[in-house]
Amino acid sequence: MSASTSNSNPINTPVVLSYFSQSGDPNDPYLDFLQDEYRAITDSWEKYQQTASPKSINVLYPARGAADAGQIDDDIRAFKHRIILFHFSGHAGSQQLLFKDGSAYARGLAGLLGEAQNLKVVFLNGCATHDQVNLLFEKNVKAVIATRGKVNDGVAKDFSENFYEAVSSTDYTIREAFEHAVNTMIKDGRIAPETSTALISWRGLVTETNDDKDRWELFVREGFSELDSKDWWKIGVITPGRKELISGGSFWDRGQIWLSALLFALGLAIITYGIFFQGDIKVAGIGVASCCVGVFGFKNQQRYVTAELNPELIDDSMRKKLRLL
């Protein structure tokens with residue numbers, strides 16, 4: 001299933017990944033409300049598109065109603081920088097998410113999610129996922145909704161349904177959607193009235209907790225400016241890192257990067273030789289020119305790859321930003 005407007009470019013449409021899975025361990029209780037939660041969240045992302053409402057948030061929502069752990073790897077590779085939100089519902093613990101085919105361990109999952117530059121929110125809707133927040137923030141995830149202690153199956157379904165009813169609309173920011181879910185659940189008597197809606201700015205977490213009740217918290221990395229923006233879901237400019245430039249692309253692309261690096265290194269050697277061994281400023285000038293060509297080649301390739309990664313976002317304004325200064 002997907003939720004996207006007809007005039008969108010599928011190449012750069014933001015992606016919401018949501019996984020719903022029973023545990024493969026026969027000792028874990030069956031989650032009766034899991035599929036109800038899946039259907040409710042799917043309806044939240046799709047209902048505005050069905051009515052062509054201006055409240056629509058233009059996202060792709062792949063169907064993952066009965067997911068395996070291996071599906072996450074495939075989705076990260078397929079969508080990578082387009083992913084804006086990652087959701088999991090099912091049995092979980094402090095170090096893992098449980099799928100029907102096995103466990104997804106927190107450290108590895110955090111590393112995979114760290115590959116997605118535009119990931120804004122991770123929602124771990126299972127028991128005691130609080131301890132996973134540290135690992136996610138170490139990989140530059142911006143915001144995490146996690147739980148302390150055990151959470152009731154039906155209550156978990158209702159909380160996430162209320163959150164997505166709000167956040168799938170342009171009327172709400174991430175913070176407002178979380179507050180809406182908490183306040184709705186308190187109003188209905190589903191969670192404790194003293195439950196706080198305050199966000200927690202992360203600088204490191206104390207992982208021990210004795211809490212044993214339905215409790216969700218919003219953890220936010222310092223400097224996350226889109227927390228209070230109603231355009232939080234929009235994809236930013238994807239910029240390739242040095243590692244991606246060196247190891248990615250075609251053989252010709254990698255060759256240009258290595259040639260640029262060689263010219264830069266050669267230029268430094270010529271400058272050193274000209275100044276310290278020859279005392280010749282002209283020779284040093286040749287080295288400076290070689291360094292400049294190397295830097296230009298690297299920057300030019302960086303601009304080219306950035307344009308490839310952002311076909312929907314490159315306009316005249318962006319071209320000016322990408323121009324070598």
Side-chain angles (χ1 to χ4, degrees), residues 15-25 27-29 31 34 37-38 41 62 64 66-81 83-153 156-157 159-160 163 174 178 199-222 224:
V15 173
V16 172
L17 294 179
S18 295
Y19 302 87
F20 306 81
S21 183
Q22 300 287 346
S23 171
D25 188 338
N27 295 318
D28 289 330
L31 300 175
L34 193 65
E37 181 181 1
Y38 165 63
I41 292 176
R64 301 291 182 258
D68 294 329
Q71 185 68 58
I72 297 175
D73 318 350
D74 296 337
D75 287 340
I76 295 293
R77 287 188 291 267
F79 301 116
K80 200 173 182 181
H81 299 313
I83 302 167
I84 59 169
L85 190 152
F86 176 94
H87 175 97
F88 171 81
S89 285
H91 286 293
S94 61
Q95 298 299 322
Q96 59 191 343
L97 308 179
L98 303 181
F99 288 81
K100 61 183 180 180
D101 63 336
S103 297
Y105 290 94
R107 184 170 296 278
L109 177 62
L112 288 173
L113 294 177
E115 296 178 11
Q117 286 189 18
N118 283 302
L119 179 62
K120 312 296 177 63
V121 184
V122 171
F123 188 165
L124 301 178
N125 200 24
C127 293
T129 55
H130 165 263
D131 285 356
Q132 298 190 31
V133 176
N134 244 339
L135 296 173
L136 291 164
F137 281 134
E138 287 173 3
K139 298 301 181 180
N140 296 317
V141 172
K142 312 298 190 303
V144 181
I145 298 174
T147 61
R148 293 182 185 268
K150 297 178 181 179
V151 292
N152 175 274
D153 182 22
K157 175 258 182 185
F159 183 88
S160 65
F163 174 76
I174 296 169
F178 178 77
L199 63 87
I200 300 173
S201 294
W202 178 81
R203 286 189 174 182
L205 295 170
V206 178
T207 59
E208 296 80 8
T209 175
N210 294 319
D211 292 343
D212 191 26
K213 59 183 179 181
D214 301 314
R215 180 176 171 186
W216 287 261
E217 291 178 330
L218 173 60
F219 299 88
V220 179
R221 189 175 184 85
E222 285 191 339
F224 179 36

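Note that the coordinates shown come from a computational prediction; the quantities given were computed from them, not determined experimentally.
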Mind checking the [atom1]-[atom2] spacing from [X] to [Y]? Nearest 0.5 Å is all I need.
X: L85; Y: L119; atom1: CG; atom2: CG; answer: 7.5 Å
X: S89; Y: I41; atom1: OG; atom2: CD1; answer: 5.0 Å
X: K157; Y: L31; atom1: NZ; atom2: CG; answer: 13.5 Å
X: Y19; Y: L124; atom1: OH; atom2: CG; answer: 12.5 Å
X: N152; Y: F159; atom1: CG; atom2: CZ; answer: 14.0 Å

Test side-chain contact (heavy atoms from CB on, under 4.5 Å) applied to [X] - qualifying residues, sequence neighbours left out:
X: D74; answer: Q71, R77
X: A110; answer: L135, L136, K139
X: A92; answer: F88, L97, T129

- Message: Going by salt bridge (charged side-chain N to carboxylate O under 4.0 Å, His left out), name the pairs with one or both residues in residues 86-98, residues two or more places apart or in two chains.
- Response: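 The answer is none; no pair qualifies.
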Would the distance check show the side chain of [X] and the main-chain N or O of [Y] forming a donor-acceptor pair, the cut-off being under 3.5 Å?
X: H130; Y: R148; answer: no
X: E138; Y: G111; answer: no
X: R221; Y: F137; answer: yes

For [X] against [Y], the heavy-atom pair lying closest together:
X: T147; Y: C127; value: OG1-C, 3.6 Å
X: A156; Y: N125; value: O-ND2, 3.1 Å
X: L34; Y: G90; value: CD1-N, 4.2 Å
X: S23; Y: H91; value: CB-CD2, 3.7 Å
X: A143; Y: F224; value: CB-CE2, 4.0 Å
X: A116; Y: I83; value: CB-CB, 4.3 Å

Please tell me if the side chains of [X] and [Y] come closer than 4.5 Å, counting only heavy atoms from C-beta onward.
X: D73; Y: L112; answer: yes
X: F163; Y: W216; answer: no
X: E217; Y: V133; answer: no
X: L98; Y: D25; answer: no
X: S18; Y: R64; answer: no
X: D68; Y: S21; answer: no

- Quickly, which of I72, I76, V121, D75 forms a side chain to side chain contact (heavy atoms under 4.5 Å, CB included) with F86? Name it, please.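 So the option named by the test is I72.
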Applying side chain to side chain donor-acceptor pair (under 3.5 Å), can you list everything that pairs with [X], at least two apart in sequence or on another chain?
X: N118; result: none
X: S160; result: E37
X: Q22; result: none
X: N140; result: none

- Name all residues meeting the salt bridge (Lys or Arg N to Asp or Glu O under 4.0 Å) criterion together with D153; count only those two or more places apart in sequence or in a different chain, and write none if there are none.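 Not a single residue meets the salt bridge (Lys or Arg N to Asp or Glu O under 4.0 Å) criterion with D153.
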- Task: Not counting sequence neighbours, which residues clear ring-ring contact (aromatic ring centres under 6.0 Å, His included) with F20? List them please.
- Result: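 Result, ring-ring contact (aromatic ring centres under 6.0 Å, His included) vs F20: Y38, H87.
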- Task: Give every residue pair that meets the side-chain hydrogen bond (donor to acceptor under 3.5 Å, both in side chains) criterion with at least one member in residues 95-108, sequence neighbours excluded.
- Result: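 Residue pairs passing side-chain hydrogen bond (donor to acceptor under 3.5 Å, both in side chains), neighbours aside: Q96-S103.
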